[in-house]
Structure formats: structure tokens, C-alpha cells
Amino acid sequence: MSTRCAIVLSGYRAVPPPGIDQTAYAEACLTDSYEAIAPMSQLTAGLAGDSPLLEEIGWPGDLVIGGAGRSVRSVVDCMPDDHGFTELIVLPGDVPDLPEMIVAKIARALSRAAVALAPQLGGTGLAALGVRLPLPDWLAGDLDDDLGDDLDLDSDPYDRLQQLAPRRNLVVRTPGWHRMDRPESVHRLDPGLEGWDNVRLLLSRSRTGG
């Protein structure tokens, strides 16, 4: 088993464009977000959250972490005690067309940094976030007080984490990507880009009335 894992958080549900069923769209985006990382070598893929689809979507041998919320700490707390992972990358369930390159850049950055942040293009959150495990003391101990909540994908904590880190180069930014967190976000999907098959099929059926 790889010492690196990448987990898609089902608590981040995609927001559909007008005329598309909300549940079907969120499930299609979650499935495609997971399938964007599941074939990647040198990592163990997984899903976390309370979606009833986790077991159905997950590939054999991958991680399914029920009950975890939307934060890094909630995922870490729900992981098996003997997981043996040294790196954790979390992604929202609304990045159906995420290129492997985004995750690969985070993995590469974690060879020298403790935290790697992929900003959300066109938004204020993150498209992905990577941390070394176990969480460094300066990150694990001060999050609640200094970030007000926890390390998640709702906002970009780059400036605050740079202040907390003992060295500024322990927190880095990597290339960003867009998320399907607003109805108009669907226009960011590139038909020429491979992947996002479930979302593509759902949108196609809605146009043809199928």
C-alpha cells in the first residue's frame, strides 16, 4: 500500500445548473471526482463522508471512511489507527474534471512542504489540499484557535498558515482548479477534456430529454 492517500469528501456537494436534478448532479460529480484520482499510481484513493453511495462508488481495496466531515481533522480522526499514511490529500466532491496533474503537483510539493494548497479558480476556497501526516504540531495544535474552525476546503488559509508555520516555505500553493459549487460553474467544463463521464452523460440526457 502507498504511504500517500487522496480522499474525496462527499460533504462538498456540487450545485447543478437550472433544469438538472440536484441529487443526480451531486452524485455524478462525486463519482467523477473520485474516478479522477482512483486510477492514479503511487497513492491510495478513497471517499469520506456520509453519502450512501460511498461503498458503491469506491473501487475494491480503496478507502471508504464513513462519518468524516468536511475538514482535514475529521478525516484524520476517522482513519484507521494503523493506516501508515504519511501524506493526505483531500478533494471536494465537486471537481469532476480534475486533471491528475493537480494532485500530482500537490504530492510533489509535499516532498518539501508540510501543507500544499490548490486554490479554487473563480472562487475563494480550495480545489484540493495536501498535508503531511501526522499533522505537524504547529498545524494540529493551533487550528481551532487561529483559523476559527478547522482546516477545510471552504476558504484559502494560505496567509494565516504562513504566519503559523515555523518556516514560510512549509506552506505552498500549487496550480488551482475550478469547482462545480454554483449553477454557472457548469460552463467551466471543457467538452474536449477527457473524464467527467457521469456528469457529461447527465447533461447530455437533459438536453435530449432522455
Side-chain angles (χ1 to χ4, degrees), residues 6-40 43 45-49 51 53-54 57-59 69-72 75 88-110 115-131 151-159 172-210:
I7 304 294
V8 177
L9 306 180
S10 68
Y12 288 93
R13 295 172 60 84
V15 179
I20 303 294
D21 180 78
Q22 182 173 3
T23 298
Y25 189 71
E27 292 177 354
C29 283
L30 175 62
T31 302
D32 285 342
S33 299
Y34 170 71
E35 292 187 352
I37 62 165
M40 293 185 68
L43 64 76
L47 292 145
S51 170
L53 291 179
L54 299 189
I57 294 173
W59 292 14
R70 292 157 53 112
S71 71
V72 168
V75 174
L88 168 65
I89 300 171
V90 295
L91 310 98
D94 59 2
V95 288
D97 60 339
L98 188 80
E100 289 186 4
M101 177 268 295
I102 299 297
V103 176
K105 290 287 187 181
I106 290 177
R108 182 174 181 180
L110 290 178
V115 182
L117 308 170
Q120 176 190 4
L121 302 183
T124 58
L126 298 173
L129 182 161
V131 294
L151 192 58
D152 56 33
L153 304 171
D154 290 323
S155 59
D156 185 346
Y158 178 79
D159 293 337
V172 299
R173 277 202 173 110
T174 59
W177 197 249
H178 48 255
R179 292 171 51 182
M180 299 296 107
D181 61 345
R182 286 167 289 181
E184 61 271 25
S185 301
V186 71
H187 299 300
R188 290 180 172 271
L189 293 171
D190 180 358
L193 196 64
E194 292 184 357
W196 59 285
D197 293 343
N198 292 279
V199 174
R200 197 191 305 267
L201 179 61
L202 180 64
L203 295 175
S204 175
R205 285 176 173 170
S206 73
R207 286 193 289 268
T208 61

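Because the structure is predicted, anything quoted here is derived from the model rather than measured. Both backbone and side-chain heavy atoms feed into the values below; hydrogens, waters and symmetry mates do not.
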**Student:** Answer yes or no: is there a side-chain heavy-atom contact under 4.5 Å between M180 and P96?
**Tutor:**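 A side-chain contact under 4.5 Å exists here.
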
**Student:** Can you tell me how far the CZ atom of R188 sits from the CG atom of L193, to the nearest 0.5 Å?
**Tutor:**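 With rounding to 0.5 Å, CZ (R188) is 13.5 Å from CG (L193).
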
**Student:** I'd like to know whether L47 forms a side chain to side chain contact (heavy atoms under 4.5 Å, CB included) with I7, so could you lay out the CA-CA distance, the side-chain angles of the two residues, the decisive distance to 0.1 Å, and finally the verdict.
**Tutor:** CA-CA 5 Å; L47 292 145; I7 304 294; 5.7 Å; no

**Student:** Is there a side-chain contact between C29 and W196, using heavy atoms and a 4.5 Å cut-off?
**Tutor:**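 Sidechains of W196 and C29: no contact.
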
**Student:** Should P183 and V15 count as side-chain neighbours, where that means a heavy-atom distance under 4.5 Å?
**Tutor:**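 Yes, close enough: below the 4.5 Å cut-off.
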
**Student:** About how many Å separate OG of S206 and CG of L201, when rounded to the nearest 0.5 Å?
**Tutor:**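 OG of S206 is found 10.0 Å from CG of L201.
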
**Student:** Does L30 reach the side chain of I57, with side-chain heavy atoms less than 4.5 Å apart?
**Tutor:**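 Touching, per the 4.5 Å side-chain cut-off.
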
**Student:** So V172 and V115, do their side chains get closer than 4.5 Å, heavy atoms only?
**Tutor:**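 No, side chains not in contact.
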
**Student:** Using the side chain to side chain donor-acceptor pair (under 3.5 Å) criterion, which residues pair with S71? Sequence neighbours excluded.
**Tutor:**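 Partners of S71 by the side chain to side chain donor-acceptor pair (under 3.5 Å) criterion, ordered by chain and then number, come out as S74, D150.
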
**Student:** Do I89 and V131 have side chains that get closer than 4.5 Å, going by heavy atoms?
**Tutor:**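 Result no, sub-4.5 Å side-chain heavy-atom pair not found.
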
**Student:** If I compare all heavy atoms of P119 with all of L126, which pair ends up nearest, and what's the gap?
**Tutor:**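 It is CA-CD2, 4.0 Å.
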
**Student:** Taking all atoms of both residues into account, what is the closest heavy-atom pair of R200 and G195, and its distance?
**Tutor:**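 Taking R200 first and G195 second, the nearest heavy atoms are NH2-O, 2.8 Å.
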
**Student:** Please report the closest heavy-atom contact between A116 and A109, naming both atoms and the distance.
**Tutor:**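 What the structure gives for the nearest pair is CB-CB, 3.9 Å.
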
**Student:** Heavy-atom distance under 4.5 Å between the side chains of L117 and T174, does that happen here?
**Tutor:**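 SC-SC contact between L117 and T174 ruled out.
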
**Student:** Is D94 paired with R13 through a side-chain N to carboxylate O contact shorter than 4.0 Å?
**Tutor:**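 No, this pair does not count.
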
**Student:** Once you round to the nearest 0.5 Å, how far does CD of E100 lie from CD of E194?
**Tutor:**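 If I round to the nearest 0.5 Å, the distance is 10.5 Å.
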
**Student:** Start with the C-alpha distance between V186 and L189, add both sets of side-chain angles, then the distance that settles side chain to side chain contact (heavy atoms under 4.5 Å, CB included), and finish with yes or no.
**Tutor:** CA-CA 6 Å; V186 71; L189 293 171; 4.0 Å; yes

**Student:** A side-chain contact here means heavy atoms from C-beta on lying under 4.5 Å apart; do R179 and L153 qualify?
**Tutor:**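 Yes - at least one pair of side-chain heavy atoms lies under 4.5 Å apart.
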
**Student:** At their closest point, which heavy atom of L43 faces which heavy atom of I37, and how far apart are they?
**Tutor:**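 Result for this residue pair: CD1-O, 4.0 Å.
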
**Student:** For R182, what residues pass the side chain to side chain donor-acceptor pair (under 3.5 Å) criterion, not counting sequence neighbours?
**Tutor:**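 Scan of R182 (side chain to side chain donor-acceptor pair (under 3.5 Å), adjacent residues dropped) gives none.
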
**Student:** If every non-hydrogen atom of L129 is compared with every non-hydrogen atom of I106, which pair is closest and at what distance?
**Tutor:**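 Closest approach of L129 to I106, heavy atoms only: N-CD1, 4.1 Å.
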
**Student:** Distance from D154 atom CG to R70 atom CZ, nearest 0.5 Å?
**Tutor:**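 Here the rounded value is 4.5 Å.
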
**Student:** Does the pair D152 and Y12 meet the rule for a side chain to side chain contact (heavy atoms under 4.5 Å, CB included), with working shown?
**Tutor:** CA-CA 10 Å; D152 56 33; Y12 288 93; 3.5 Å; yes

**Student:** Look up atom CD1 in I20 and atom CZ in R205, then write down how far apart they are to the nearest 0.5 Å.
**Tutor:**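 Rounded to the nearest 0.5 Å, the CD1-CZ separation comes out at 11.5 Å.
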
**Student:** Do T124 side-chain atoms and S155 backbone N/O form a donor-acceptor pair below 3.5 Å?
**Tutor:**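 A pair under 3.5 Å: no.
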
**Student:** For residues 14-39, which residue pairs qualify under side-chain hydrogen bond (donor to acceptor under 3.5 Å, both in side chains), counting only residues two or more places apart or in two chains?
**Tutor:**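 The answer is D32-N198, Y34-D62.
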
**Student:** I need the minimum non-hydrogen distance between A104 and M40, along with the two atoms involved.
**Tutor:**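 That would be N-CE, 4.3 Å.
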
**Student:** Side chain to side chain contact (heavy atoms under 4.5 Å, CB included), that's the test. Do D190 and D97 meet it? Break it down for me.
**Tutor:** CA-CA 8 Å; D190 180 358; D97 60 339; 5.6 Å; no

